[in-house]
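Quick caveat, the model's predicted, so the values are computed rather than measured.
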Amino acid sequence: MKISIGSDHAGLPLKQKIVNHLKDNGYETNDFGTFTEESCDYPDYALKVAENVKDGNSDFGILICGTGIGISIAANKVHGIRAALCSDTFSAHACREHNNANILALGQRVIGTGVALDIVDTFLKSKFQGGRHQKRLDKLSKIEIKYFK
Ligand code: RB5
């Protein structure tokens with residue numbers, strides 16, 4: 001499974017730990033940066049990862065900023081992206097099972113490394129349940145068509 005990943009400066013240390021964790025567990029990773037602690041803007045990294053996922057060049061994306069909020073808002077502006085900000089493992093499996101989330105967003109300043117890695121594992125192992133949830137995703141797509149020009 002191929003995972004694209006990106007962060008701003010506030011998410012850089014956690015990004016590096018997640019990249020190592022994914023490689024240790026046999027995932028292919030595509031790291032879009034940032035690679036230095038210099039201050040940068042989370043929308044730039046959200047866009048790179050979101051476009052990679054949207055274009056089918058990776059199975060899932062992982063985005064990290066200080067809170068996970070800005071980077072998830074930015075990713076969700078891209079047509080077809082369903083980015084879920086998670087701070088617990090219940091949300092990590094529910095966002096796959098119910099929302100078919102294709103990007104996981106994390107806040108490095110909010111959760112510890114152990115919880116973050118558990119969330120990553122849970123997200124990647126969980127499957128979309130379809131059924132009644134598909135009807136709701138179809139409604140999300142209709143909102144995109146109405147407002148995304
Ligand atoms: C950067 O200081 C911080 O604002 C950013 O990482 C993020 O938390 C925004 O939502």
Side-chain angles (χ1 to χ4, degrees), residues 1-8 10-11 14-34 41-149:
M1 191 184 284
K2 205 189 269 186
I3 313 296
S4 60
I5 188 162
S7 76
D8 69 359
L14 180 58
K15 173 166 74 66
Q16 200 47 55
K17 287 173 189 155
I18 293 173
V19 167
N20 294 339
H21 178 75
L22 291 173
K23 285 181 178 164
D24 288 348
N25 286 281
Y27 292 98
E28 191 181 333
T29 58
N30 193 355
D31 189 346
F32 285 91
T34 188
D41 302 328
Y42 56 79
D44 298 336
Y45 301 92
L47 183 61
K48 288 173 204 263
V49 169
E51 286 184 334
N52 191 264
V53 172
K54 172 191 152 301
D55 292 342
N57 294 322
S58 52
D59 297 288
F60 294 105
I62 298 177
L63 288 168
I64 309 124
C65 68
T67 58
I69 295 171
I71 210 156
S72 58
I73 291 173
N76 277 316
K77 302 289 180 196
V78 175
H79 202 140
I81 291 302
R82 293 173 300 278
L85 171 57
C86 296
S87 299
D88 62 274
T89 52
F90 180 84
S91 301
H93 68 78
C95 75
R96 288 287 307 120
E97 292 163 356
H98 290 205
N99 313 114
N100 201 12
N102 47 16
I103 291 186
L104 170 65
L106 299 166
Q108 137 117 19
R109 294 173 179 162
V110 181
I111 53 172
T113 304
V115 171
L117 297 181
D118 279 355
I119 289 172
V120 167
D121 290 343
T122 302
F123 179 89
L124 294 176
K125 284 177 185 152
S126 300
K127 304 244 180 298
F128 179 50
Q129 290 175 347
R132 69 188 190 279
H133 303 295
Q134 184 57 53
K135 176 171 65 102
R136 294 156 189 168
L137 297 192
D138 293 343
K139 291 190 175 188
L140 290 183
S141 300
K142 282 188 183 157
I143 295 172
E144 286 181 338
I145 290 163
K146 185 170 179 186
Y147 287 103
F148 282 40
K149 298 289 176 220

If we ignore angles and hydrogens, is there a donor and acceptor under 3.5 Å between the side chains of D118 and T89? no
Result for side chain to side chain contact (heavy atoms under 4.5 Å, CB included) between S4 and one of I62, I103, V53, D59 points to V53
Closest non-hydrogen contact found for R82 with N102 is N-OD1, 2.7 Å
Can you tell me if E97 uses its side chain to pair, donor with acceptor, with the backbone of S126 under 3.5 Å? no
Do you know the tightest heavy-atom contact between A46 and A74? CB-CB, 3.5 Å
For R132 and H98, what are the C-alpha separation, side-chain angles and deciding distance, and is it a side chain to side chain contact (heavy atoms under 4.5 Å, CB included)? CA-CA 9 Å; R132 69 188 190 279; H98 290 205; 4.3 Å; yes
With rounding to the nearest 0.5 angstrom, report the NZ to CG distance, K142 to L137. 12.5 Å
With side chain to side chain contact (heavy atoms under 4.5 Å, CB included) as the criterion, how do H133 and N100 come out once you've worked through the C-alpha distance, each side chain's angles and the decisive distance to 0.1 Å? CA-CA 9 Å; H133 303 295; N100 201 12; over 6 Å; no
Tell me, do D8 and D41 make a side-chain contact under 4.5 Å, heavy atoms counted? no
Return yes if some donor-acceptor pair links the side-chain N/O of K15 with the main-chain N/O of T34 below 3.5 Å, else return no. yes
Start with the C-alpha gap between H93 and F90, add the side-chain angles, then the distance that decides, and say whether side chain to side chain contact (heavy atoms under 4.5 Å, CB included) holds. CA-CA 6 Å; H93 68 78; F90 180 84; 3.7 Å; yes
Tell me which one of L104, I71, L106 satisfies side chain to side chain contact (heavy atoms under 4.5 Å, CB included) with I64. L106
Between N76 (side chain) and S72 (backbone), is there a donor-acceptor pair under 3.5 Å? yes
Please name the pair of heavy atoms, one in V19 and one in T29, separated by the smallest distance, quoted to 0.1 Å. CG1-OG1, 4.2 Å
Please name the pair of heavy atoms, one in Y42 and one in C65, separated by the smallest distance, quoted to 0.1 Å. CB-CB, 4.3 Å
Distance, nearest 0.5 Å, that separates NZ of K48 from CG of D44: 7.0 Å
Side chain to side chain contact (heavy atoms under 4.5 Å, CB included) between F128 and Q134, worked out: CA-CA 9 Å; F128 179 50; Q134 184 57 53; 3.3 Å; yes
